[in-house]
Undergrad: 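I'd like to ask you about the structure that follows.
We use all heavy atoms of the structure for the numbers below, so side chains are in, but hydrogens, waters and symmetry mates are not.
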Amino acid sequence: KSPMLALVFGSLILGITMEIHNTLYYLWIYLHIPFEDLRIFNVEIVIIFSWITQYIFFLSLWRVFTNDRSQEVWKGDLIK
């Protein structure tokens, strides 16, 4: 029911999935990040939580460029 809660959980699930996939092939490498020793599933916790801020940023850009339709993003699922 809460769009912000869905945003947080969705970004965490996608972030963990993407970053675990990266630990298999090392398609990208992070350097000089804080708290490198704090890990979940062999992925730095700072990286996982940075996915949340990326989603908030991109959804904010949606609101900047399409003000009339921005309510659709936060309205939620209307299927009953």
Undergrad: Can you get from F9 to L7 by hopping between Ile, Leu, Val, Met, Phe, Trp and Tyr side chains that sit under 4.5 Å apart?
TA: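 No; L7 is not reachable from F9 via cluster members.
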Undergrad: Among residues at least two apart in sequence or on other chains, which ones pass side chain to side chain contact (heavy atoms under 4.5 Å, CB included) with I52?
TA: V8, S11, L12, F49, I56
Undergrad: For W28 and N22, work out which heavy atoms get closest and say how close.
TA: O-ND2, 2.8 Å
Undergrad: Are L5 and W51 connected, step by step, through hydrophobic side chains (Ile, Leu, Val, Met, Phe, Trp, Tyr) whose heavy atoms are closer than 4.5 Å?
TA: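 L5 and W51: separate clusters.
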Undergrad: With hydrophobic residues grouped by side-chain heavy-atom distances under 4.5 Å, do I13 and L24 end up in a single group?
TA: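 Shared cluster, no.
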Undergrad: Indicate every side-chain donor-acceptor pair of residues 36-48 with a distance under 3.5 Å to a residue at least two apart or in another chain.
TA:
residue	atom	partner	partner atom	Å
R39	NE	E36	O	3.4
R39	NH1	N42	O	3.1
R39	NH1	N42	OD1	3.3
R39	NH2	E44	OE2	3.0

Undergrad: If you measure from CD on E19 to CG on L14, what distance do you get to the nearest 0.5 Å?
TA: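 If we round to the nearest 0.5 Å, E19:CD and L14:CG are 9.5 Å apart.
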Undergrad: How would you list, by chain and number, every residue that makes a side chain to side chain contact (heavy atoms under 4.5 Å, CB included) with L31, sequence neighbours excluded?
TA: I29
Undergrad: Nearest heavy-atom pair of I20 and T23: which atoms, and what distance?
TA: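 Between these two residues, the closest heavy atoms are O-OG1, 2.5 Å.
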